Amino acid sequence: MGFASLSSGVIARIMNGDDVVKPVLQILAIKKINSNADAERYRILISDGKYFNSYAMLASQLNEMQHKGQLDEFTIVQLDKYVTSMVGKDGAGKRVLIISELTVLNAGAEVKEKIGEPVTYENAAKQDKVAKAAPPVVPKKEVTQSNNNNNNNITLNASIGAGMTHPISSLSPYQNKWVIKARVTSKTGIRTWSNPRGEGKLFSMDLMDESGEIRATAFKEQCDKYFDMIQVDSVYFFSKCQLKPANKQFSQLNNAYEMTFTGETAVQLCEDADDGAIPDIKYNLVPISEVSGMENKAAVDTIGICKEVGELQAFTSRTTNKEFKKRDLTLVDMSNSAISLTLWGDDAVNFDGHVQPVILVKGTRINEFNGGKSLSLGGGSIMKINPDIPEAHKLRGWFDNGGGDNVANMVSARTGGGSFSTDWMTLKDARARNLGSGDKPDYFQCKAVVHIVKQENAFYRACPQADCNKKVVDEGNDQYRCERCNALYPNFKYRLLVNMSVGDWTSNRWVTCFNETGEQLLKHTSQEIGEALENDPTKAEEIFSALNFTSHIFKLRCKNEVYGDMTRNKLTVQSVGPLNHKEYNRHLLKELKELTGIGSSSN
DNA sequence: CCCCCCCC
């Protein structure tokens, strides 16, 4: 026929626990498992030409192949990696086949038909005597008792002894007799909470096996009992956790459920985890330069040298009033790029960056600010310091030989698209390049001189509350109403909203300064400026005219805004700085080099 | 039962 021949009869052997290397099978059907779970999962009917098995599933990393139509009916595949596992109640459990790696040998469209007349392996196996006796459900004698004082490891040991663990993907709240064998991929620190419903402490961990992943959380007593035992990268047997729907708002894990440890929960370290069944943590390492082009809030795995380390900072969140500790690092890599990485809590406190270690991170989040992107290590993220992997040794060699000395691309730099070379722009170029016409604002900086500063409407009366800057309504009788706070106040504060025309050597534009940049440029507080504009025109004139014909470096935000049926390209001053001649001349020299080719890289 | 990660 010209197609790969099927490994006739192997399904019965596989399902009885034999280790069959790379069997060749045919997919007869594939369908999405219907459940109220959000996790996407496919069940397949697979045949060796003699037997079929309808209790087979794809590990989620193969979903992509199904999306691409590579696993259609009649496709002949080679299973490169698979495990069998028990689902269902003890004793009456079904053994399922979970496929985690496969190679397509012949496309279904090419094969076009079912090969052979396969029958279900369960019936056939009895007649055929291919199958050995079912695996024993009694514990093996040599299973060691755990030394962690679990008093509930009877189910655990019985299952371990019988080699009957369950795939994570089969866990649900409807069934609690199970044992999973899973690798811990991340672990949070211990966190305490206190709210109207009570207080306590907890830590969470992410678990992974061949079939999928799940978040588990240990509260209070369980938090104390298991925190030290649970180590990232180790493999454990877990049983008797409570399952509940995962709140997708807080978890990016591919599982509709999450688990909570209970008093019944048993955990046991798996000493011989190197049997290949539990996958290693996979790092999808991205060069730092590529983070520039990634979406805000996306997850990033990367590796770099900690070139610089910031001080430990403690602060209180303005929104939640909680205390936080953080530390910012600067990572550099061979893409000649640098990015800021924020550590939190104990990671921040305990970090020693002065030795410039290699930092490997998984699952960090991108935070975008003013066009720059930085990374933050959050819950579910992993950080490894000086990991023993080839990429780390390569980076070490590169950096120790001066590799990080000429980092050109500051991914976390504010303004601009993340590249220093696009940072500077003339006002004319900003127009010519249609800056601000996209969904997101564009940022650039330019050197410009102030031509005119408008005194009209340069301030407004704002809500006196520290965090509310909404314009108040004058109710008369010295009463001011804030519609956001829904409150009446006897006072208000002045806020600046200054429009000025600035020009560089190519063009001039009107730009808007808000409070902070306005105060900085006018060298007076908003209170002083507001009072002068209302009561003392001579002083106001003095303050405003002092700004005329002064030069500054303006960092500008550029965005198209719609007013009625008009679209206007609006420039807002993000920050303003004095003219740094050294830096500005460096920029001019660079442009000259690019324009003339004189003194370019060969020198 | 948490689910917060600020500020620029």
Side-chain angles (χ1 to χ4, degrees), chain A residues 186-206 214-224 226-227 241-253 255 257-263 265 296-297 299 310-330 339-349 351 361 363-381 383 410-416 441 443 445 466-467 514-517 519-520 555-557 572-577:
Chain A
S186 73
K187 170 189 168 186
T188 69
I190 293 178
R191 193 168 69 231
T192 57
W193 83 88
S194 175
N195 63 30
R197 291 182 298 280
E199 56 181 59
K201 56 174 152 177
L202 68 115
F203 81 101
S204 291
M205 69 211 89
D206 290 344
I214 194 164
R215 160 73 49 89
T217 304
F219 290 95
K220 300 175 182 172
E221 297 82 12
Q222 282 75 249
C223 173
D224 289 335
Y226 291 109
F227 185 77
C241 299
Q242 185 185 17
L243 271 287
K244 62 173 187 181
N247 188 336
K248 293 313 250 182
Q249 196 185 332
F250 304 120
S251 167
Q252 59 278 16
L253 252 58
N255 200 317
Y257 303 113
E258 60 185 32
M259 330 201 289
T260 304
F261 282 24
T262 71
T265 294
N296 190 22
K297 303 297 167 197
E311 293 299 310
L312 182 69
Q313 299 172 56
F315 62 91
T316 307
S317 163
R318 204 177 285 177
T319 46
T320 61
N321 268 333
K322 282 189 178 173
E323 267 290 326
F324 287 100
K325 285 180 181 143
K326 70 154 206 173
R327 191 193 294 274
D328 291 331
L329 319 182
T330 302
I339 196 162
S340 165
L341 169 71
T342 304
L343 310 184
W344 298 91
D346 287 345
D347 283 331
V349 173
F351 189 78
V361 288
T364 58
R365 295 263 149 219
I366 297 180
N367 276 309
E368 191 171 357
F369 181 71
N370 278 2
K373 290 193 171 90
S374 54
L375 301 177
S376 178
L377 202 76
S381 301
M383 174 175 68
M410 302 296 181
V411 176
S412 303
R414 292 160 203 173
T415 79
Y443 298 86
Q445 64 178 330
D467 296 324
F514 288 103
N515 211 53
E516 290 70 22
T517 48
E519 287 186 330
Q520 192 186 336
K555 299 202 172 180
L556 298 164
R557 175 189 194 270
T572 309
V573 179
Q574 289 300 123
S575 70
V576 64

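By convention in this document, chain letters (A, B, ...) are assigned in the order of the sequence lines, proteins followed by strands, and residues within each chain are numbered from 1. Since this is a predicted model, take the numbers as computed values, not measurements.
B/dC6 atom P lies 14 Å from atom CG of A/L343, rounded to whole Å. Computed from coordinates, the A/F369 CZ to B/dC5 P distance equals 16 Å when rounded to whole Å. What separates CD of A/Q222 from P of B/dC2 is a distance of 15 Å, to the nearest Å. One can place CD of A/E516 at 13 Å from P of B/dC7, the figure rounded to the nearest angstrom. Whole-Å rounding puts the A/L253 CG to B/dC2 C1' distance at 15 Å. If you take CD of A/E368 and P of B/dC5, they are 18 Å apart, rounded to a whole angstrom. Here the P atom of nucleotide B/dC5 and the CZ atom of A/F315 are 9 Å apart, to the nearest Å. When the P atom of B/dC7 is taken as reference, atom CG of A/L312 falls 18 Å away, rounded to whole Å.
Of all nucleotides listed (B/dC4, B/dC6, B/dC2), B/dC4 comes nearest to the side chain of A/F250. Residue A/F324 places its side chain closer to B/dC4 than to any other of B/dC4, B/dC3, B/dC6.
Counting non-hydrogen atoms of other residues, nucleotides and ligands closer than 6.0 Å to CD of A/Q313 gives a total above 12. A/E323 CD: more than 12 foreign heavy atoms inside a 6.0 Å radius.
Where A/R191 and A/E199 meet DNA chain B, the nucleotide closest to each residue was compared, and A/E199 sits on the side nearer the 5' end.
If you check every strand for non-hydrogen atoms under 4.0 Å, A/G345 touches nothing. A/E258 comes within 4.0 angstrom of a nucleotide base, judged by non-hydrogen atoms across all strands. Within 4.0 Å of A/K220, counting heavy atoms only, lies at least one base atom of the nucleic acid.
Close to B/dC2, at under 4.0 Å from its OP1 or OP2, lies a side-chain N or O of A/N195. Phosphate proximity of B/dC2 to A/R197: present, with a side-chain N or O under 4.0 Å from OP1 or OP2. The phosphate of B/dC2 (OP1 or OP2) has no side-chain N or O of A/R215 nearer than 4.0 angstrom.
A cation-pi arrangement, defined by a distance under 6.0 Å to the six-membered ring centre and an angle within 45 degrees of its axis, is absent between A/K220 and A/F261.
For A/F315, the ring-ring contact (aromatic ring centres under 6.0 Å, His included) test picks out A/F324, with sequence neighbours left out. In this view, A/F351 satisfies the ring-ring contact (aromatic ring centres under 6.0 Å, His included) rule with no residue, not counting sequence neighbours.
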